Q: 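The structure that follows is given in the form of structure tokens.
Because the structure is predicted, anything quoted here is derived from the model rather than measured. Naming convention: chains lettered A, B, ... in sequence-line order (proteins, then strands); numbering from 1 in each chain.
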Number of protein chains: 2
Amino acid sequence: MTGTADETQGYDVFATRCPSRQTLETVTGRWGALTLAALVDGPLRFGALRRRVDGVSEKMLSQTLKLLEADGLLTRTDHGTAPPMVDYALTDPGALVADAVVRLVDAVYAVQPAVQQARNSA
Amino acid sequence: MTGTADETQGYDVFATRCPSRQTLETVTGRWGALTLAALVDGPLRFGALRRRVDGVSEKMLSQTLKLLEADGLLTRTDHGTAPPMVDYALTDPGALVADAVVRLVDAVYAVQPAVQQARNSA
DNA sequence: CGGCATCCGAATGGATACTG
DNA sequence: CAGTATCCATTCGGATGCCG
């Protein structure tokens with residue numbers, strides 16, 4: 001019952017033209033997956049997010065957040081206080097995708113021992 | 001029961017150092033996800049893979065396949081015939097990960113209408 | 001057919017400095 | 001704190017040509 005990625009509503013990620021392809025790229029982009037995964041437990045402020053997603057630069061995080069927000073996967077809330085306090089939270093669609101990302105991460109964890117072994121055999 | 005990406009065996013993708021992080025990057029890389037997804041229905045030859053993963057160049061596909069093979073997620077079988085015939089197939093770990101990728105793609109399909117709407121609102 | 005090697009322009013992305 | 005702007009090194013990745 002594995003099945004191919006069926007194009008339920010006529011989408012096809014394999015096609016360059018399909019808008020879902022771009023969505024996939026945003027989601028699986030360099031920092032997209034980790035950013036989404038970081039938010040599954042609840043909203044986080046910019047700084048906290050930056051600390052959680054180890055290695056991301058301020059610039060890249062900012063850019064990634066904009067992309068995800070533009071696609072409606074997360075919301076940005078500026079509390080307008082001083083010092084600034086802005087938090088990011090998953091939308092419903094975002095939560096759905098983030099959930100799948102977390103499961104992908106879990107799959108990666110599950111195979112990691114095998115991966116390690118394969119790397120050593122090289 | 002969503003839960004964070006729990007570090008079942010002590011892995012943590014959020015940490016730059018963790019080997020699972022590199023695995024995630026290989027899997028979610030520019031062409032990694034699509035390549036894995038393309039193989040869920042069974043082995044494919046290089047050319048077929050190239051045609052399936054629309055937009056990938058010969059060079060990038062080759063490079064992606066090497067990375068995935070080095071991580072033990074797929075196998076390369078050279079039939080040694082002339083003209084050459086080489087096919088790529090998922091290993092068991094690879095199938096596990098590819099499955100999760102397909103589910104992620106399905107999640108993307110599911111939210112695509114919402115994404116579309118968000119993009120138009122911008 | 002299934003690659004690899006080379007070239008080179010384009011895009012990525014980190015570091016730093018600055019702002020409200 | 002939460003960004004923006006600029007600079008610049010690195011990398012990415014397509015095009016081309018060649019080989020078994």
Q: Considering every strand and a 4.0 Å limit on heavy-atom distances, what is the contact class for B:Arg50: base, sugar-phosphate, or nothing?
A: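 Since no nucleic acid heavy atom lies under 4.0 Å of B:Arg50, the category is nothing.
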Q: What is the nucleic acid contact for A:Pro84, judged by heavy atoms within less than 4.0 Å: base, sugar-phosphate only, or nothing?
A: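 If one applies the 4.0 Å heavy-atom cut-off, A:Pro84 turns out to touch a base.
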Q: To the nearest Å, how far apart are A:Glu25 CD and C:dT12 P?
A: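 It works out to 10 Å between those atoms.
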Q: Does A:Lys66 place a side-chain N or O at less than 4.0 Å from the phosphate oxygens OP1/OP2 of D:dT4?
A: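 Result: yes.
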Q: Starting at OH of A:Tyr88 and ending at P of D:dC1, how long is that distance when rounded to a whole Å?
A: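 Rounding to the nearest Å, OH of A:Tyr88 and P of D:dC1 are 14 Å apart.
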Q: Just one of B:Val56, B:Asp87, B:Leu65 clears the side chain to side chain contact (heavy atoms under 4.5 Å, CB included) bar with B:Leu49, so which one?
A: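 With B:Leu49 as partner, B:Val56, B:Asp87, B:Leu65 yield a single side chain to side chain contact (heavy atoms under 4.5 Å, CB included), made by B:Leu65.
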Q: Would you kindly compare B:Gln63 and A:Pro83 by the position of their nearest DNA chain C nucleotide and give the one closer to the 5′ end?
A: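 Going by which nucleotide is closer to the 5' end, it is B:Gln63.
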Q: Could you give me the CA-CA distance, side-chain angles and deciding distance for A:Arg21 and B:Leu34, then say whether side chain to side chain contact (heavy atoms under 4.5 Å, CB included) is met?
A: CA-CA 10 Å; A:Arg21 170 78 164 258; B:Leu34 288 176; 3.5 Å; yes
Q: What is the separation between atom CG on A:Leu49 and atom C1' on D:dG3, rounded to the nearest whole Å?
A: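 So the CG-C1' distance, A:Leu49 to D:dG3, works out to 14 Å.
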Q: Quick check on D:dA2: is either OP1 or OP2 less than 4.0 Å from any side-chain nitrogen or oxygen of A:Arg45?
A: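 For D:dA2, OP1/OP2 do have a side-chain N/O of A:Arg45 under 4.0 Å.
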Q: Starting from P on D:dA2, measure out to CZ on A:Arg51 and report it in whole angstrom.
A: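 Spelled out: CZ on A:Arg51 to P on D:dA2 is 8 Å.
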Q: Provide, to the nearest angstrom, the distance between the NE2 atom belonging to A:His79 and the C1' atom belonging to C:dG20.
A: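 Those two atoms, NE2 and C1', are 18 Å apart.
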Q: Provide, to the nearest angstrom, the distance between the CG atom belonging to A:Asp78 and the P atom belonging to D:dC1.
A: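 Interatomic distance, CG of A:Asp78 to P of D:dC1: 15 Å.
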Q: Report which part of the nucleic acid B:Glu58 touches: base, sugar-phosphate, or nothing (heavy-atom distance under 4.0 Å, all strands).
A: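 Base contact.
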Q: Using whole Å, what does the distance between atom C1' of nucleotide C:dG3 and atom NZ of B:Lys59 come to?
A: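 Whole-Å distance recorded here is 14 Å.
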Q: Report yes if a side-chain nitrogen or oxygen of B:Arg30 is closer than 4.0 Å to either non-bridging phosphate oxygen (OP1 or OP2) of D:dC12; otherwise report no.
A: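 For D:dC12, neither OP1 nor OP2 has a side-chain N or O of B:Arg30 closer than 4.0 Å.
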Q: Rounded to whole Å, how long is the line connecting atom CZ of A:Phe46 with atom P of D:dT4?
A: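 So the two atoms are 8 Å apart, to the nearest Å.
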Q: When you check the phosphate oxygens OP1 and OP2 of C:dG2, does a side-chain N or O of B:Arg76 lie under 4.0 Å from one of them?
A: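 Looking at the OP1 and OP2 atoms of C:dG2, neither is under 4.0 Å from any side-chain N or O of B:Arg76.
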Q: Can you find a side chain N or O atom of A:Ser62 that sits less than 4.0 Å from OP1 or OP2 on D:dT4?
A: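 True: A:Ser62 side-chain N/O within range (under 4.0 Å) of D:dT4 OP1/OP2.
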Q: Stepwise, does the side chain to side chain contact (heavy atoms under 4.5 Å, CB included) test hold for B:Glu25 with A:Arg30?
A: CA-CA 7 Å; B:Glu25 277 170 14; A:Arg30 185 92 169 70; 3.2 Å; yes
Q: Given side chain to side chain contact (heavy atoms under 4.5 Å, CB included), test A:Met60 with A:Thr35 step by step and report yes or no.
A: CA-CA 11 Å; A:Met60 283 302 101; A:Thr35 302; over 6 Å; no
Q: With respect to the side chain of B:Val86, which nucleotide from C:dG3, D:dG14, D:dC7 is positioned closest?
A: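 Looking only at side-chain atoms, B:Val86 lies closest to C:dG3.
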Q: Check for a donor-acceptor pair, side chain of A:Tyr109 on one end and backbone N or O of B:Val13 on the other, with a separation under 3.5 Å.
A: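 Flag set: sc A:Tyr109 to bb B:Val13 pair under 3.5 Å.
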